[in-house]
Amino acid sequence: MLTIHADSHGRALAVEGAWIAGAGPLEELVAAHPAARVRKWPGILTPGLINPHGSELLEEAYHPDPREAGELGTEPLTGDALAALAMDDARWGAGARRAVQRMLAHGTVGAACEELRNRAVRDAVRRSGFLIVGRVGRPGGTPALDPYDSGLPVEFASPRERNSAARFAVFDVRDEAELAERGAGTCVATVVDGRLVYRRR
């Protein structure tokens, strides 16, 4: 079923399966696809963010299960705290899945990584449809689930256009200036491979 996603400014993307079937003003896409389902979101529709610290967040941190919050807290564990944990493939895979989920909740559709060497992490990320962008070396800054907290220039994914992958995010802000001010916690929806993988409740 074809779905049209539109923001508060009337900008829209028509999604069919995992691909963009059209991009443009909402009224034009509705006229071209009158049987489509229409989702209207508050804020601005963007290609989504690329987190520069993929390797650090996926392979050098453990993201606790909510059931572990009493013992481990809710923030990613790194360094000595990570070293103190008994990590096996199952725990690495589950932690990576939660890392991806938390990045998706920040409108992040991909992350820059060196080669992922942990097979459990690599498999978990691949199954999620999350985009991995190659990088060489360390980017500097501070690893953070919100790319606006990293201290580095924020990078967006490639603009969405017809026949490109249906991968984008919507933030409940007036424009990119307000997004930069308030951060990616304003995300209301993230779509990966045509699937609505995050929706703010």
Side-chain angles (χ1 to χ4, degrees), residues 2-30 32-33 36-58 99-113 125-135 139 141 143-200:
L2 194 144
T3 301
I4 296 173
H5 295 264
D7 67 13
S8 297
H9 299 277
R11 295 179 293 231
L13 294 172
V15 175
E16 187 167 20
W19 305 97
I20 301 294
L26 174 60
E27 60 271 19
E28 291 183 9
L29 293 185
V30 169
H33 307 283
R37 177 184 184 182
V38 177
R39 287 185 179 271
K40 294 184 178 179
W41 301 103
I44 60 171
L45 195 156
T46 77
L49 300 168
I50 300 296
N51 193 302
H53 293 106
S55 295
E56 292 78 5
L57 292 170
L58 292 166
V100 169
Q101 291 165 359
R102 291 167 182 172
M103 284 190 270
L104 292 170
H106 287 84
T108 298
V109 298
C113 297
V125 173
R126 185 180 66 248
R127 286 193 292 267
S128 74
F130 196 65
L131 178 68
I132 293 298
V133 179
R135 78 175 201 204
L145 292 169
D146 184 342
Y148 285 96
D149 291 337
S150 71
L152 298 175
V154 171
E155 179 183 354
F156 284 88
S158 301
R160 300 297 86 194
E161 55 189 21
R162 182 178 173 85
N163 297 324
S164 65
R167 186 181 290 117
F168 54 88
V170 187
F171 298 91
D172 189 8
V173 294
R174 293 184 302 273
D175 50 34
E176 287 190 16
E178 185 180 359
L179 175 57
E181 179 182 346
R182 295 178 56 195
T186 55
C187 179
V188 293
T190 306
V191 171
V192 170
D193 291 342
R195 297 175 293 116
L196 183 62
V197 293
Y198 171 74
R199 179 177 184 174
R200 189 171 72 188

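Here the structure is a predicted model, which is why all the values come from computation and not from measurement.
Nearest heavy-atom pair across Ala23 and Leu29 is N-CD2, 4.0 Å. Taking each heavy atom of Val188 and Pro42 in turn, the nearest pair found is CG2-O, 3.9 Å. Across all non-hydrogen atoms, the minimal contact from Ser150 to Ala144 is N-CB, 4.4 Å. Of all heavy-atom pairs spanning Leu152 and Pro52, the tightest one is CD1-CG, 3.9 Å. Taking both residues in full, the closest heavy atoms of His9 and Gly43 are given as CD2-O, 3.9 Å, listed atom of the first, atom of the second, then distance. Nearest heavy atom pair, residue Ser128 against residue Val192, reads O-CG1, 4.2 Å.
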Inset, instruction - Assess whether side chain to side chain contact (heavy atoms under 4.5 Å, CB included) is satisfied between Leu26 and Lys40, documenting all intermediate values. - result: CA-CA 10 Å; Leu26 174 60; Lys40 294 184 178 179; 3.8 Å; yes
Inset, instruction - Please lay out, stage by stage, how Leu13 and Ile4 fare under the test side chain to side chain contact (heavy atoms under 4.5 Å, CB included). - result: CA-CA 6 Å; Leu13 294 172; Ile4 296 173; over 6 Å; no
Inset, instruction - Report the C-alpha separation of Val100 and Leu58 in whole Å, then their side-chain angles, then the decisive distance to 0.1 Å, and conclude whether the side chain to side chain contact (heavy atoms under 4.5 Å, CB included) test is met. - result: CA-CA 8 Å; Val100 169; Leu58 292 166; 4.1 Å; yes
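Side-chain contact check for Arg167 versus Asp193: some heavy-atom pair is nearer than 4.5 Å. Between Arg39 and Leu196 there is a side-chain heavy-atom pair separated by less than 4.5 Å. With a 4.5 Å cut-off on side-chain heavy atoms, Val197 and Phe130 do not count as touching. Counting only heavy atoms from C-beta outward, the side chains of Ile50 and Leu131 approach each other to under 4.5 Å. Between Pro47 and Phe168, every side-chain heavy-atom pair lies at or beyond the 4.5 Å cut-off. Ile44 places a side-chain heavy atom less than 4.5 Å from the side chain of Arg11. Considering only heavy atoms from C-beta on, Pro139 comes within 4.5 Å of His53 through its side chain. Looking only at side-chain heavy atoms (C-beta outward), Phe171 and Leu49 come within less than 4.5 Å of each other.
Remark: the backbone N or O of Tyr198 is not paired with any side-chain donor or acceptor of Thr190 at under 3.5 angstrom. At distances below 3.5 Å, at least one donor-acceptor pair connects side-chain atoms of Thr46 with backbone N or O atoms of Gly48. A distance-only check finds no donor-acceptor pair linking the side chain of Asn163 to the backbone of Trp19 [under 3.5 Å]. Side-chain N or O atoms of Arg160 include one that pairs as donor or acceptor with a backbone N or O of Ser158 at under 3.5 Å.
Surrounding CZ of Arg37 are at most 12 heavy atoms belonging to other residues, nucleotides or ligands under 6.0 Å away. By the neighbour-count criterion of 12 heavy atoms within 6.0 Å, atom CZ of Arg174 is sparsely surrounded, having that number or fewer from other residues, nucleotides or ligands.
Below 30°, between 30° and 60°, or above 60°: for His5 and Trp41 the angle between ring planes is below 30°, a parallel geometry.
How far CD of Glu178 is from CD of Glu181: 6.5 Å, rounded to the nearest 0.5 Å. Going from atom CZ of Phe156 over to atom OG1 of Thr108 covers 9.5 Å, rounded to the nearest 0.5 Å. Here CZ of Arg200 is found 5.0 Å from CG of Asp172. Values are rounded to the nearest 0.5 Å. Considering CG of Leu104 and CG of Leu145, their distance stands at 11.0 Å, rounded to 0.5 Å.
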